[in-house]
Structure formats: structure tokens, C-alpha cells
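Proteins get letters first, then strands, A, B, ... in listed order; numbering begins at 1 in each.
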There are 2 protein chains.
Amino acid sequence: MTSGRVTIADVARRAGVSTAAVSKVVRGAYGVSAEMQAKVTQAIDELGYRPHAAARALRGRTYTLGVMLSDTRNPFFPDIIEGVTGRLRDTEYQVLLGPGGIEPRTQARMTDAMIDRSMDGLILISPVMTDAELAAIAAAVPVVVVGRHGGAGASSAAYDSVVDDDVMGARLVVDHLVGLGHTRIAHITHLERARAQGLPHTVRAEGYRQAMRAHGLADDVLATSFTEEGGFEGARELLARDDRPTAIFAGADIAALGVLRAADEAGLSVPEDLSVAGYDNIGIASLKRISLTSVDQDGHVIGATAARLLVERIEGRSRSVASSVSPTLIVRGTTGPPRL
Amino acid sequence: MTSGRVTIADVARRAGVSTAAVSKVVRGAYGVSAEMQAKVTQAIDELGYRPHAAARALRGRTYTLGVMLSDTRNPFFPDIIEGVTGRLRDTEYQVLLGPGGIEPRTQARMTDAMIDRSMDGLILISPVMTDAELAAIAAAVPVVVVGRHGGAGASSAAYDSVVDDDVMGARLVVDHLVGLGHTRIAHITHLERARAQGLPHTVRAEGYRQAMRAHGLADDVLATSFTEEGGFEGARELLARDDRPTAIFAGADIAALGVLRAADEAGLSVPEDLSVAGYDNIGIASLKRISLTSVDQDGHVIGATAARLLVERIEGRSRSVASSVSPTLIVRGTTGPPRL
DNA sequence: GTGAAAGCGCTAACAC
DNA sequence: GTGTTAGCGCTTTCAC
């Protein structure tokens, strides 16, 4: 089977035409008569011919798009991937995912590997690289970056980007809580590892500050980490204060789960004694037993947008595009009016 | 940069040798003097040469292994993938993931695409295909199937397989519950969609039955679905009975979460009134607020084993291997002695 | 031990 | 509108 592969020459012989003609029909290129089209198509079907991607790669495209994942465990990757594959379903492009790991080095190795495999374009999800590295990759292949905000003026023109509007997401939460009557609203964020910038947690924290200011309220940001433990520790510290907050907005659902545990342990009932909101709307947030108010990023739209932009780039657009997807607040059982 | 790619000819020129020599050095093949080895290696470094995978594919290997994912949302995929990539880290193989979807058709399209891209071997995770289709793929490329039990005698010789020992996992749960004093232990399984066989849930249910029988207890299997709702509905039905079970073993954690909700709503406390156990040990099972007793599959070992077997196959083994990985029971807060 | 040369399957000029 | 042909970058006999 491997060696007995059907080639374009077999099809040409069968249809009684040249290989060039077959190639044109396969690619849907210009200059083929309906008659030839029919003959070739029939021969292809009879023989079960499928173009050999590697051979194509040597001259033209591979019709392969790569998606580099920075962290396979990230709970909204599946949505983004579904968005990407859904958008590409009826095209001839195939999507392959590359587990890049969380280290800049392993991510670089993966993007190199994808370029070596002649992929036609790359979607990088939350890449941990310098803008210079990103620009270098974008110089070699069309690139769309997902999940990194704005950043580096000039060099960013080399690639397109899609982000969740994290400022808006944070504002939705604050507005919701203020609307319920809360005034002491704390925010738990992720402790920054100096190097990368424009990361979602930074933007969410900034959005929170802006929104609080807009309401004339004092902000209160605590940086731990986006883990269950991080949320737990942060909440424990916040709840130990004299004038403890009546609401805690965690920058990620996983941390919000830790906050809920801290509330449990402190004997506080949610949402009566403490309102809790998260970000990302991960699957379990909707479980009745959790029922966490959260900001939904609509990974489908993000993925579909990234796919659309990438194909546009491949097909010739050179002007760079930065797309921002609006999040939605999903109100559930963990937020309510503060006790009077 | 794209057009300015460094080729083997550039390296050969720089080192003052033939392209054939460079090729041998790159592949670590026989018959190269130490001196040539040194010259070539230096030229490669100076020029930053990386072999072009597509060009290699036309003659030899691509050093690319494909992992077909049947359902990106499956919570233990990340572990399996980490196991695979971890095992391959220090080899020259690269791993690319293919989102195959849950339909046989889309999965077939993905495996075709991977074969068209000349991947050296494929790992198929929980593929939904007939054994004949699997055999056809295995005839074209080395294959390791993960998550499908035994099955089709003869044809299975065409590929290797790695499975979790689901019979053992089910027994661990039953033994644990019986040891605590339970006798009325019910099992919630997934309603079978006729076609595929040897699927984990079937084997888990069978393992549960065997274990119950071994203890001289009557089994009690209810088939709903492996969703939160499925677990909820199943548990509601079970708990409405006169002699309701004192323990429910759900064949998947997600369903166990539904069972917990049903217990909450019925006013039963866990584990005093009802013990609950799941399977898969998904991330949130360990959250203090959930603390679900569950069976852990060790996806790392499963992934690493699959990678090892695949590489062995590629390098020549023809005898087929079926590997079974032992699961572990993680006892947490949802199981305890029944109320007397 | 090393190099020359023939392809692998396909695409893209360029002739016809 | 269709066919001929020259490579793409690499691997692999086969001479030397």
C-alpha cells in the first residue's frame, strides 16, 4: 500500500492526458475544458488518487495549517480548536496541532518544526516569545497570534492578532457587582513573570482598575497565581481583613474555585456573605454544584476569526489586522447582593 | 527568509564536500570519517541549516509522528500527550496532533491527511472506526491504538495497542467500597451506540460485574450517559428506589459530578448517606470542594508506552504488542463507610 | 570513505 | 486548451 501509492502519472495515463492537466484539475486552476475536467475526475475516483502533500510542498502549498498550543491543559483550547477547524471544514486546508509546551525554547522548536514541514500558515496560541522572535517567524510564514494583546508597535505589522477584550470582560464583572450593590470588590490576579507582556491577566487587572475608578471605588488587587491554591490563599488573606471585601473577582475560574473553597472554610455562604466571579467560563463553572458567575470568551469565534485571518494572509493580504472579540458575562449562582 | 532557505547544497559548498556526505552526517549514517563529520557539523551550525522535511519525505522519513485525537475535550488527553512528547523529547521525532472529531468520517479524513503528509507513524486515541478500517490504515503506516480493548483477533496483529486495565480499575473501586462495608453498590455506565466495541465504558461495566460477583453481591447497572446530566438522571433514578444503593460507582468522573448534585438535591450527605466514586481522575476531582474518589489512568505512562511501541514498530518490529497499563485508586472524601 | 547522478511526486513556465 | 519539461531539496545506489 505504501509503495503502491497512486500518483499523478497513474491518473494521467488512465485519463489519457498529461500530468500537468491532472495537476490543474486537482488544484482547480485555470484553463481546463469541462470534458477534460470530467475525464480526470473520473480517473481520480477510479484510482482513489490523493495528492502527496510532501511532493506538493516542494513546489507549492501543503494545504496544512499549524496551530501551536502553548499549554495543552488550557481549558478553552478545545473551543478555539473547534472554531478553527469549523471555519476550515469546507476548504482543502487541514489543521495540525503542535504541542509547544510552556517554555520559550520548546515553543521555538515547535514553530521551527512546523516551518520545516512547509506549513502554509501558523496560528500561535498564547506564545511565550519575544516580539522579535515572533517577527522572525512571521517573516518566514503567515502568522496569526491569539491571546497576546497589542504590544510592539512596528513589528506587530508582520502578523495578525486575535484577542479577547479582557478590559471589557473585567468591566462587565465590576459593573455587575456594583449593580448588585457591592463596593468592596477585590481582584485576584496572577503574579507576573517579568518577561512576557500584554498577557491576559495583566489586561484583566488593568480593566478591573479602570472599571473601579469609573465607579469611584477604590481598587484592591492581590497577586497570587491562577491555580486553585492561588485563589484559596488569596481569598484567605482577603477574608481575614477587618473590612473584608463583599465580592472577589478572580482573573481565572480555576482561581475562583479556590476562592469558593476559602469561603467554605471560613463559614461564609456564597453569595450571601461573599460574591465570587471568575473568568474563562470553563466547563465546570456551569455544573449546578459550582454554578460560578464567569466571563465567557467565546473560543469558537476567536478560533474562527484566527482561521479566517490566516487564510486571508496566505491568499495575499499584507496589511495587518488586529481583531478583538467581545466577551459575555454569564451570571450564575455565586454572585448576588451583599448582605445589608 | 522563505526563499532564502539554507539547503544541503549550501552546506556542502561551505564544507567543501558533496551533498551526499552532508546527508549522511545529518542522518548519522555509516561511512563518514571523523574529519568530515566535523567539517560538516561546523558548516551546518554556521549556516543554521535545518533539513527540509517535505524534501526528505519524498525519499525517506519525515521524522513526524501523528497523534489523532478523537475528542479534544477529553480531560486526560493532555496527560497522554505529555507522555508521548516526553518520551520523544530527546529523539529527532516531532509530534503533531490531529483533531479527528468524533465522527468516523472526520476521523478517516484526518488519518488520510496524516498519511498524505508522509508521517512515519500514527497513534490513534480512542478511534471510532471499524477494525477493518484500522487494519487498512495500519497497512499503510505503523500504528498504535490507544483506548480500545483487545477485539478482532487476526486483524489486530497489524497494529499495537495500549489500554488502561479497565477491568482492574472497576475492581479496585468495588473492592474499596466492599471493604468499607457497602453491599448495595450501583454502577452508572454509558449507553452503547451499537457499532464500536471494546470501548472503555463497556469494559468498566463488565469489570464491575465481575467484581461484584466475586464478592457474592448482586450487580446493578444503569445505562445513561457520561455527562453531568447523565450522572444526575441516573442517580436520581437509583436514589428513588426503596432499597436505594449506599454507593454509586460512575464509569466517568463527569457523571460522578452529576451524581453528587443528585445527592445534594435529595438532601443526602456524602459520604455518610451515599458514597460516590468516579473514573479518570480528572483535574477537578482533586479540588477540595469536590474531593472525588476516582480511578487514575496514568495518562503519562499510557502516552509514553504508545510512543515507545510506535518507534519500535517504525524501526522494524513486526510482531504485534498489546500493552495494558494498571490504574490506581485515588481515595478521597466522597467514599466512606455506609451509615449503619 | 567519498562523490556523481538518478529520481521521489508534484507544480509552473513555456511551447505548441 | 493542452502537453513538455525543468526543477523543488533530499536520499540512495553505484562508481571510484
Inset, instruction - Heavy atoms under 4.0 Å is the rule here; annotate nucleotides 10-16 of chain C 5' to 3' with B where the base is hit, S where only the sugar-phosphate is, and - elsewhere. - result: BBB----
Inset, instruction - Determine, for A/Asp112 against A/Arg109, whether the closest basic-nitrogen to carboxylate-oxygen distance falls under 4.0 angstrom. - result: no
Legend entry - Residue pairs passing the salt bridge (charged side-chain N to carboxylate O under 4.0 Å, His left out) test where at least one lies in residues 86-99 of chain A, sequence neighbours excluded: none
Inset, instruction - May I ask you to list the residues of residues 36-46 of chain A, by number, that have any heavy atom positioned under 4.0 Å from an atom of DNA chain D? - result: A/Met36
Legend entry - Counterpart residues, side-chain hydrogen bond (donor to acceptor under 3.5 Å, both in side chains), relative to B/Thr130 (two or more places apart): B/Glu133
Inset, instruction - Output the distance between atom CG (B/Asp298) and atom CG (B/Asp164), rounded to the nearest 0.5 Å. - result: 9.5 Å
Inset, instruction - Determine yes or no for a side-chain-to-main-chain donor-acceptor pair under 3.5 angstrom, with B/Gln107 supplying the side chain and B/Gly101 the backbone. - result: yes
Return a table of donor-acceptor pairs under 3.5 angstrom between the side chains of residues 115-126 of chain A and protein atoms on other chains or two or more places apart.
residue  : atom : partner  : partner atom : Å
A/Asp116 : OD1  : B/Arg5   : NH2          : 2.8
A/Asp116 : OD1  : B/Arg50  : NE           : 2.9
A/Asp116 : OD1  : B/Arg50  : NH2          : 2.8
A/Asp116 : OD2  : B/Arg50  : NE           : 3.2
A/Arg117 : NE   : B/Thr64  : OG1          : 2.6
A/Arg117 : NH1  : A/Ala113 : O            : 3.0
A/Arg117 : NH2  : B/Thr62  : O            : 3.2
A/Arg117 : NH2  : B/Tyr63  : O            : 3.3
A/Arg117 : NH2  : B/Thr64  : OG1          : 3.2
A/Ser118 : OG   : B/His52  : NE2          : 3.4
A/Asp120 : OD1  : A/Thr62  : N            : 3.0
A/Asp120 : OD1  : A/Thr62  : OG1          : 3.2
A/Asp120 : OD2  : A/Thr62  : N            : 3.3
A/Asp120 : OD2  : A/Tyr63  : N            : 2.6

Legend entry - Where B/Val6 and B/Leu47 come nearest, the two heavy atoms and their spacing: CG2-O, 3.4 Å
Inset, instruction - Please collect all salt bridge (charged side-chain N to carboxylate O under 4.0 Å, His left out) contacts where either partner lies in residues 61-74 of chain A, sequence neighbours excluded, each pair once. - result: A/Arg73-B/Asp79, A/Arg73-B/Glu82
Inset, instruction - Round to the nearest Å and state the distance from B/Glu35 atom CD to C/dG1 atom P. - result: 13 Å
Inset, instruction - On DNA chain D, check which nucleotide each of A/Ala34 and B/Ala21 is closest to and give me the residue with the more 5' one. - result: A/Ala34
